[in-house]
Undergrad: 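Below: one structure in structure tokens.
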Amino acid sequence: MRALPSAPVEKVIVTYKSQAAEAGSNTAAKSDTAEKAAKTGEQLSFERRLAGGGALVDLGDSATKQDVTEVMAAFRADPSVASVEPDIRAYAMAVTPNDTDYTKQWDLFEPTGGMNVPAAWDKTTGSGVTVAVIDTGYAAHSDVAGNVVSGYDFISTSADARDGNGRDADAKDEGDWNATDNECGTGSKASNSSWHGTHVAGTIGAVTNNTKGIAGIAYNAKIQPVRVLGKCGGSSADIADAITWASGGTVPGVPANATPAKVINLSLGGASATCPSVYQTAINGAVSRGTTVVVAAGNSNANASGFTPANCANVINVASTSREGNRSYYSNFGAIVDVAAPGGETRRSTDTPGTVTTPENGIYSTLNSGATTQSTENYKPYQGTSMAAPHIAGLAALLKSAKSTLTPAEIESAIKANARPLPGTCTGGCGTGIADSAKTVDAVTTTPPAGTVFTNATDVTISDNTTVSSSIAVTGRTGNAPAALKVGVDIKHTWRGDLVIDLVAPDGTVRNLKASSSSDSADNVLTTYTVDASSEVANGTWKLQVRDVATGDTGYINSWSLTF
């Protein structure tokens with residue numbers, strides 16, 4: 001937990017008894033404020049009437065605690081006053097996590113290549129949702145353990161499982177190393193254990209605010225390790241059964257899943273021109289039970305249509321992006337990709353394969369130091385669509401937690417509809433863009449205002465000390481605009497206090513929505529303003545005008561809307 005800042009009280013809220021003249025008359029309230037100022041010797045001023053009827057009284061920025069006490073006592077002593085209370089400060093609760101390696105998680109928070117995760121934590125952290133990680137199993141890690149629930153080992157061949165038996169209730173990762181080249185088929189290479197499932201699990205649900213390691217995207221969700229990959233990968237038969245079991249379906253000879261998952265992450269795949277029916281049947285069953293299935297697009301820099309289960313229906317197919325917001329050099333692409341997410345690049349595309357030259361640009365998560373079998377826990381950066389998929393699985397958990405009635409189709413639609421265009425390039429197709437966690441959560445938790453909505457979602461860059469605008473052509477309306485015109489604004493900009501935002505009517509009339517403020521250091525403007533535009537003809541070209549009044553911070557208009 002973190003202590004909130006101690007802010008001085010500069011104003012008080014005075015509520016008068018209903019029969020008092022000050023309760024309905026601003027003139028009377030101003031007069032009473034002047035009397036209290038004379039009585040206390042303080043410089044008091046009536047600022048405005050609040051919606052609830054109270055009077056906001058300004059004490060000035062030099063008032064001490066003793067001054068506040070004296071002023072409140074003077075108001076309380078007045079028999080016309082029902083109550084008086086300080087105007088206290090509130091703070092956004094999505095504070096930066098205290099996890100020691102959080103600064104390495106650019107994929108969560110950086111405005112260029114990140115997924116805007118922290119701003120979603122005000123509304124949801126994944127509570128009540130279980131995410132199944134169908135992968136290599138789980139290598140014990142103290143930064144994930146608090147969120148792990150019992151899983152299952154679905155590897156049916158003892159030699160591949162390396163645990164002395166076939167399927168069992170222990171999802172422990174026994175290692176997926178290969179001792180020699182060609183051991184797993186012609187062209188396969190000797191390799192150490194990847195501890196892949198544990199890395200994926202950390203991205204989704206690492207314990208957060210525990211003063212160690214990393215933060216998970218859905219850090220109050222539960223992680224269910226389901227083991228399907230061992231020596232030389234895993235079989236489609238085992239993977240299909242795992243999908244069925246994880247989502248609460250019945251698998252012959254396997255006990256029922258006591259904690260069925262509402263999200264499944266499949267950071268795995270193989271080459272196939274079509275989706276095998278064994279996969280599609282299992283996926284369809286999972287979705288019918290209300291489970292969202294997230295799949296990695298693949299790492300072959302090729303069309304994802306040639307890889308499975310990426311080419312199956314009823315999944316969210318995820319491509320990978322770099323820290324710079326480009327399609328990662330290795331990521332698959334194509335029309336079947338639904339959305340992109342950070343998968344990182346631990347080396348440049350021109351660097352020697354297998355080397356790690358840019359670790360700071362990878363996805364940092366939980367791992368194990370063992371070369372073959374488990375040893376001590378650690379953390380390392382990885383790259384891959386395997387790292388991108390759990391970002392979307394984590395977001396799906398946030399959405400399901402925020403609104404439990406969401407179906408898999410609705411979750412997919414929300415993620416795709418609220419993604420932002422890649423700031424870099426994507427040859428071949430990266431779906432609707434990079435997923436935006438906060439925008440997507442807001443979309444599913446905010447009741448849209450009734451009426452006809454006109455939207456402009458074309459990005460407009462906001463540079464330092466410039467004025468830009470975005471236009472919406474309103475047609476098909478009769479008469480004037482409403483007295484409560486809703487202006488929805490989504491602006492991505494660090495230090496939003498630099499911005500002045502105006503609504504410009506078709507006849508050129510300017511209505512200020514937001515003033516600049518040197519003390520407002522928060523990022524982004526994501527809100528809806530209500531404007532009395534009843535004097536304006538509805539039809540015509542309306543503009544959102546944004547002026548940057550300072551240097552050092554930039555951004556862009558992501559989208560805005562008018563609701564009539």
Side-chain angles (χ1 to χ4, degrees), residues 133-139 153-166 171-200 227-239 242 266-273 276 279 295-304 306-310 320 328-332 343-359 362-363 365-389:
V133 176
I134 298 180
D135 213 293
T136 63
Y138 170 58
D153 178 2
F154 273 89
I155 300 177
S156 53
T157 304
S158 177
D160 295 343
R162 287 183 163 139
D163 59 1
N165 56 31
K172 176 185 176 182
D173 191 338
E174 301 288 353
D176 57 351
W177 82 93
N178 297 317
T180 60
D181 290 350
N182 300 313
E183 185 177 2
C184 295
T186 302
S188 67
K189 298 294 183 182
S191 63
N192 290 335
S193 290
S194 65
W195 315 115
H196 189 273
T198 300
H199 198 279
V200 168
R227 188 171 181 236
V228 296
L229 303 178
K231 179 183 177 182
C232 301
S235 79
S236 59
D238 287 346
I239 294 168
L266 291 167
S267 287
L268 50 79
S272 175
Y279 276 164
V295 177
N299 302 327
S300 299
N301 188 28
N303 196 304
F307 299 83
T308 199
S320 171
S328 299
Y329 68 85
Y330 53 79
S331 177
N332 286 352
E345 291 181 345
T346 56
R347 69 172 177 88
R348 294 176 291 272
S349 60
T350 53
D351 292 339
T352 303
T355 61
V356 175
T357 56
T358 56
I363 305 302
S365 189
T366 47
L367 212 66
N368 192 279
S369 64
T372 54
T373 57
Q374 289 187 32
S375 183
T376 56
E377 65 179 44
N378 63 359
Y379 303 83
K380 278 190 175 181
Y382 272 6
Q383 66 174 24
T385 56
S386 281
M387 284 59 255

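Worth saying up front: this structure is predicted, and the values here are computed from it rather than measured. We're numbering straight along the sequence, starting at 1.
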Undergrad: Got a second to check how far Thr157's OG1 is from Asn165's CG, nearest 0.5 Å?
TA: 11.5 Å

Undergrad: Got a donor-acceptor contact below 3.5 angstrom from the Tyr330 side chain to the Gly384 backbone?
TA: yes

Undergrad: What distance do Ser194 atom OG and Asp135 atom CG have between them, rounded to the nearest 0.5 Å?
TA: 7.5 Å

Undergrad: Indicate whether the side chain of Thr357 and that of Asp351 have a donor and an acceptor atom separated by less than 3.5 Å.
TA: yes

Undergrad: Taking Gly175's backbone N and O only, do any of them form a donor-acceptor pair with Asp173's side chain (distance below 3.5 Å, no angle check)?
TA: yes

Undergrad: Quick check: closest heavy atoms across Trp195 and Gln374, and the distance to 0.1 Å?
TA: CH2-N, 3.4 Å

Undergrad: Is there side-chain contact between Thr373 and Ser193, with heavy atoms separated by less than 4.5 Å?
TA: no

Undergrad: Going from NZ on Lys231 to OG on Ser158, what distance comes out if it is rounded to the nearest 0.5 angstrom?
TA: 11.0 Å

Undergrad: Going by atom types alone, do Ser320 and Ser328 pair a side-chain donor with an acceptor below 3.5 Å?
TA: yes

Undergrad: Does one side chain, of Tyr382 or Ser365, offer a donor that lies under 3.5 Å from an acceptor on the other?
TA: no

Undergrad: Donor-acceptor pair, Arg227 side chain versus Ala161 backbone, under 3.5 Å?
TA: yes

Undergrad: Go through the side-chain N and O atoms of Ser267 and His196 and say whether any donor and acceptor fall under 3.5 Å apart.
TA: no

Undergrad: Would you find a donor on one side and an acceptor on the other, under 3.5 Å apart, between the side chain of Ser375 and the backbone of Ser369?
TA: no

Undergrad: Just by distance, do the side chain of Asn332 and the backbone of Asn303 share a donor-acceptor pair under 3.5 Å?
TA: no

